[in-house]
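Values reported hereafter were calculated over all heavy atoms of this structure, with side chains retained and with hydrogens, waters and symmetry mates removed. We name chains A, B, ... by the order of the sequence lines, and we start the count at 1 in each one.
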Amino acid sequence: MNSTSRIVPALPRRESPPLRTPAVTTDAALLATIRVTPPMDPQNVVLKQTINLPTTAFSMKANLPQAEPKMLARWEEEKLYRKIRASRAGRPLYVLHDGPPYANGRIHMGTAFNKILKDFVVKSKTMAGFDSPYVPGWDCHGLPIEIKVDSELGSKKAHMTAVQIRRACRQYAEKYVELQRQDFKRLGVLGRWEDPYLTMNAKYQSVIAGAFVDFLDKGYVYKGLKPVHWCIKDRTALAEAEVEYADHTSPSIWVRFSLASDPAAIDPALAGHQVFGLIWTTTPWTIPANMAIAYNPRYQYAAVEVAGAVYLVAADLVEVTAQKLGWHDHHTVATFPGARTEGAVFRHPLLDRDSQGILADHVTLEQGTGAVHTAPGHGQEDYTVGQKYGIATYCPVDAAGRFFRAEGAPGYLPDALIGKTVWEGNPIVLELLQEAGALMGMEKLAHSYPHCWRCHHPVIFRATEQWFIGMDLNHFRQDALDAIKQVKWMPEWGQERISNMIAARPDWCISRQRVWGVPIIVFYCEGCREPVTDRKILDPIVALFAEHSADVWYERTAAELLPAGHTCAKCGGTEFAKETDILDVWFDSGSSHLAVLNESFGLPWPADVYLEGGDQYRGWFHSSLLVGTGLRGSSPYRACLLNGWVLDGEGKAMHKSLGNAVDPNTIIKDHGADILRLWTASVEFHEDVRMSATILTRLVDAYRKLRNTFRYMLGNLAGFDPATDAVPAREMAELDQWMLLRAEDLVTRCRAWYDNFEFHKVYHAVYAFCTVDLSAVYFDVLKDRLYTSAPKSPGRRSAQTALYRLLDAFVRLLAPLMSFTAEEVWGHMGRAESVHLAYFPEPAELAAGLDDAARKRTANWDRLMEVRDVVLKHLDTARNQKLIGAPLEARVLLSANGERYTLLQQYAAELPALFIVSQVELDRAEDADLGVKVERAAGAKCERCWKYTLDVGGDPGFPTICLPCAGAVHEIVHG
RNA sequence: CCAGGAAAAGCUCAGAUGGCAGAGCACUCGACCGAUAAUCGAGCGGCCGCUGGUUCGACUCCAGCUUCCUGGACCA
């Protein structure tokens, strides 16, 4: 040991640990520079320099926006994620399966919040000893991208092949996958970023196609009709996003349907009358597709007699209707509840067809007659209610919008309509109705009407052939409901939420008339339209996808894809066409567990946990559950965690248009990702959470406090080598033991909270501990012992031993939350490997070496702290009275009796340090109250430790300092 | 309109089984000047969303309502 080590107490006893990176200056490196300080002249001691002040290169200012990217670069270079995998190989697996965000746009607060939470889960499980891999993924197919690419391609698209368009979509998705990947990595989320899963990967596409074949093979899939927005000019189905609304004038008409069933069944008063249903519609051309008349079961209806005929109209709409239709002598024959019309049979005015009376809640009194013309082939709700009543989805309009004689409903369409478009059909239908005596009135109506966003022509609702997964085939719905019960839902109400959705949802329409996705691999016989769904034929195509991506479906002809010489089982035909529809993107992402939780990723099925926002109950949680239940017989996740929505400071949803959206990248640029992570840790994530400038300011303050807590520990541990300098626990000062036992309790609680994903409790408890226990009490009390004792004195070593254990535990306890800062601290502790390879502290680490006697003594210290609180209040009063300034100027006179006296007497020697005063005097009192008096301390102020003592100058060599200080200085100067 | 959720100090959160509303931060005032763009102390601050009910007693249990959030339905 050279002499320089004696003047600077904070010198290390060992060689500096190797620098891990130029980006971080370790304390060891700093101390190496201090070592060149010239030796102190024993004759000319500068007292100030004999104080062991904290020394650390761990800066007070974090500079996170600059420091974090360097840390990320190091993690990347070290291949940290791979190292973590290797370090946990063979450990029990814990798998969080990532829900794929859509590869469009940059990340926002919601996605950042979700990803950080996932990182908390993965890191905390890793540190708890699990092997917890994280494979991020992206959802790459689908309409939003195809629409964007469409608009970028413009008119060029018309000359492009499907494969070319798909390549453009792929490029677009790749671009955003890359941008989002950078954004997510910047958050400090560790994972398999270099090889994520993408739904557009060939292998993944193959899994999707395979899942479809499995569903088909298991008998869940059927082909049915469903109305969709249809542009007859572009001959295409339109998604919701492709429809825009504009004013349009339609002929609105009132049409009567004669009642064929017994009128008395509706109301006895109607017996013998000629009764009519009376409907109102703005789409006369859909009259040929009429299958039913819907009444609202909750409304009262009136039977109104006009000129010998009786019309059934909602009671509240009788007068309006009379006015519109020019009724003069009308009177009400009967009133009855709408429910009575159920089962009534009307006759179609133009066709040889019955139209049933049905009940539907969507019938309103805003317009019309309270009786709604129902054509399931031409309206969403008509379709839904039609399904309920088992009414055929009949649609006599082809892709060009022209009438034809469709199958599926009785009645022969009039020749006048055949081949005409629906727009040409309107006046023809009017004319036919007039001739039939069924047209009761007509007027023009200007209203908002859906138009095609591309050609701006009005669109129609038209039933088209779609592929469905039947919810009630093979007990599918019930199986899914049963599977839900096996999942642990957090929060618990998630179970009810998703159960309600599954119970009420219609069949899953899995087909889309689009290009950017995974094709539905089915062929049709050109001769008889019989579909080819034999898996022996389809499985090889699934295999082809894995090799060439789903593009092969578009690159090769049906003949090339089918086995040579394949013939239609039904008609023997040899010519086949490919299905042109693709699968719903929810089918893609819902299959992610099949694509990712498998051997090629080394992951087991099912996953331990899914964690997403509340919108996913109808999204990914839902579709994944259906795919899992259908193909594997159970849920693909054991637990399902919900994260709430990120709202603004007022609790309002964030919207770009409102200007209240907070951009995570801005926060990172201004404050650093650890602030964002700390915010994520601070809130109860199952609920909706708030983010605002105020909240951020609070978090920045909290971060500083945590950082300074680490800084204090690092600074006071400079030169401390636990291997050689640590004090055995049972020899440590009682205060230090007490603190370690409190920390032990904190670690126990935090680990339980981590197990239960209660990150905010960890944050709040650790933060409160740092503030209340450490900073305000322990660190404050410790300063005298650390700064003024001789560097190697037992008291100082005891404190350092405690600090070391605390630091070592806290840095790991917070590593999942403040990943960057924890790593920075870890580096300053001289650790060679990343903190993210470490394990959580065990409670026993803190209290190692402490026996039951020490545990029992904590009760003493708890009570001493109560006394301290009282004394501090009195010191404050004395300070306000200008009796004292610094607490060391005080002498405290205590009076107590009974047990308290005994306790205080037992700890009399510790009290001045505990109260941070110069002297404490204890008297036995008569009454039970604690007596506290404050006066000025006696004696002179020691220049070195600032305490007032009677022995200042006791050492003639150092006339301005007290005897203990003189001893310490001697030790420092002479060793 | 339907399903589900939330409401506590300016902010973030504790508040099993009903028993005088808690913490930290912020704010105000003060101290220190050896954690210093730090640290310590004290003080201020609440109709526990509203209205009823049960109870000796309700932030807590029950009913209704209001506002906000998510998804859906409607508009089409």
Response to the item:
Pairing partner of rG64(B), by Watson-Crick or G-U wobble and under 3.5 Å for both distances, is rC50(B)
Practice prompt. Could you tell me whether Ala776(A) contacts a base, only the sugar-phosphate backbone, or nothing, with contacts defined as non-hydrogen atoms closer than 4.0 Å?
Written response: sugar-phosphate
Practice prompt. Determine which nucleotide pairs with rC59(B), using a 3.5 Å limit on both distances of a Watson-Crick or G-U wobble pair.
Written response: none
Worksheet entry | Pair His229(A) + Phe461(A): ring centers closer than 6.0 Å | yes
Worksheet item: Considering every strand shown, what is the Watson-Crick or G-U wobble mate of rG4(B) when both distances are under 3.5 Å?
Response: rC69(B)
Discussion item. For a quick check of understanding: with a heavy-atom distance under 4.0 Å over all strands, which category does His760(A) fall into, base, sugar-phosphate or nothing?
Written reply: sugar-phosphate
Discussion item. What's Ser775(A) touching, base or sugar-phosphate or nothing? Going by heavy atoms closer than 4.0 Å.
Written reply: base
Discussion item. Under 4.0 Å, counting only non-hydrogen atoms across every strand here, what does Asn708(A) touch: a base, just sugar-phosphate, or nothing?
Written reply: base
Discussion item. My understanding is that a pair needs two contacts under 3.5 Å, Watson-Crick or G-U wobble. By that rule, which nucleotide pairs with rC20(B)?
Written reply: none
Worksheet entry | Aromatic ring proximity Phe113(A)/Trp645(A), centre distance under 6.0 Å | no
Worksheet item: Toward the 5' end of RNA chain B, which comes first, Ile695(A) or Lys783(A), by nearest nucleotide?
Response: Ile695(A)
Discussion item. Taking 4.0 Å as the cut-off, does a side-chain nitrogen or oxygen of Trp493(A) come that near to OP1 or OP2 on rG4(B)?
Written reply: no
Worksheet item: So which pairs with a foot in residues 773-790 of chain A pass salt bridge (charged side-chain N to carboxylate O under 4.0 Å, His left out), sequence neighbours left out?
Response: Asp736(A)-Arg785(A), Arg742(A)-Asp773(A), Asp780(A)-Lys783(A), Asp784(A)-Lys947(A)
Worksheet item: With a 4.0 Å cut-off on heavy atoms, is Tyr712(A) in touch with a base, just the backbone sugar-phosphate, or nothing at all?
Response: base
Worksheet item: Base, sugar-phosphate, or nothing for Glu381(A), non-hydrogen atoms under 4.0 angstrom?
Response: sugar-phosphate
Practice prompt. Between rG71(B), rC40(B), rG34(B), spot the one nearest the side chain of Arg497(A), thanks.
Written response: rG71(B)
Worksheet entry | More than 12 heavy atoms of other groups within 6.0 Å of Glu492(A) CD | no
Practice prompt. With heavy atoms under 4.0 Å as the rule, sort Ala653(A) into base, sugar-phosphate or nothing.
Written response: sugar-phosphate
Discussion item. Would you say the ring centers of Phe120(A) and Phe757(A) fall short of 6.0 Å from each other?
Written reply: no
Discussion item. Between rA76(B) and rG4(B), how far apart are the two P atoms, rounded to whole Å?
Written reply: 29 Å
Discussion item. Does Tyr245(A) reach a base, just sugar-phosphate, or nothing at all? Heavy atoms under 4.0 Å.
Written reply: base
Fill in: All side chain to side chain donor-acceptor pair (under 3.5 Å) counterparts of Asp382(A), not counting sequence neighbours
none
Worksheet item: OP1 or OP2 of rA38(B) less than 4.0 angstrom from a side-chain nitrogen or oxygen of Arg707(A), does that happen here?
Response: no
Worksheet item: Between Lys761(A) and rC13(B), does any side-chain N or O lie under 4.0 Å from OP1 or OP2?
Response: no
Practice prompt. For Trp679(A), answer base if it contacts any base atom (sugar-phosphate contacts may also be present), sugar-phosphate if it contacts only those atoms, and nothing otherwise; contact means non-hydrogen atoms under 4.0 Å.
Written response: nothing
Practice prompt. Verify the contact: side-chain N or O of Lys705(A) to OP1 or OP2 of rU39(B), cut-off strictly under 4.0 Å; return yes or no.
Written response: yes
Discussion item. Using OP1 and OP2 only, check whether a side-chain N or O of His447(A) sits under 4.0 Å from rC75(B).
Written reply: no
Worksheet item: Using purine N1 to pyrimidine N3 plus N6-O4 or O6-N4 for Watson-Crick, or N1-O2 and O6-N3 for G-U wobble, both under 3.5 Å, which nucleotide pairs with rA38(B)?
Response: none
Fill in: Validation row, ring centre His760(A) to ring centre Trp753(A) under 6.0 Å
no
Discussion item. On RNA chain B, does the nearest nucleotide to Glu889(A) precede the nearest nucleotide to Tyr449(A) from the 5' side, or the other way round? Give the residue.
Written reply: Glu889(A)
Practice prompt. From the options rA35(B), rA6(B), rU12(B), select the nucleotide whose nearest atom is closest to the side chain of Glu687(A).
Written response: rA6(B)
Item to complete: Tell me the partner of rC32(B), counting only Watson-Crick (N1-N3 plus N6-O4 or O6-N4) or G-U wobble (N1-O2 and O6-N3) with both under 3.5 Å; none if nothing fits.
Response: none
Worksheet entry | Touch class at under 4.0 angstrom, heavy-atom based, for Lys48(A) against every strand present | base
Worksheet item: Contact class for Arg698(A) vs. all strands (heavy atom < 4.0 Å): base, sugar-phosphate, or nothing?
Response: base
Worksheet item: Hey, does Phe779(A) reach any base, or is it just sugar-phosphate, or nothing, if we go heavy atoms under 4.0 Å?
Response: base
Worksheet entry | Aromatic ring of Tyr787(A) stacked on base six-ring of rG34(B), 5.5 Å, 30° | no
Item to complete: Under 4.0 Å between any heavy atoms, over every strand shown, what does Val772(A) touch: base, sugar-phosphate, or nothing? Just pick one.
Response: sugar-phosphate
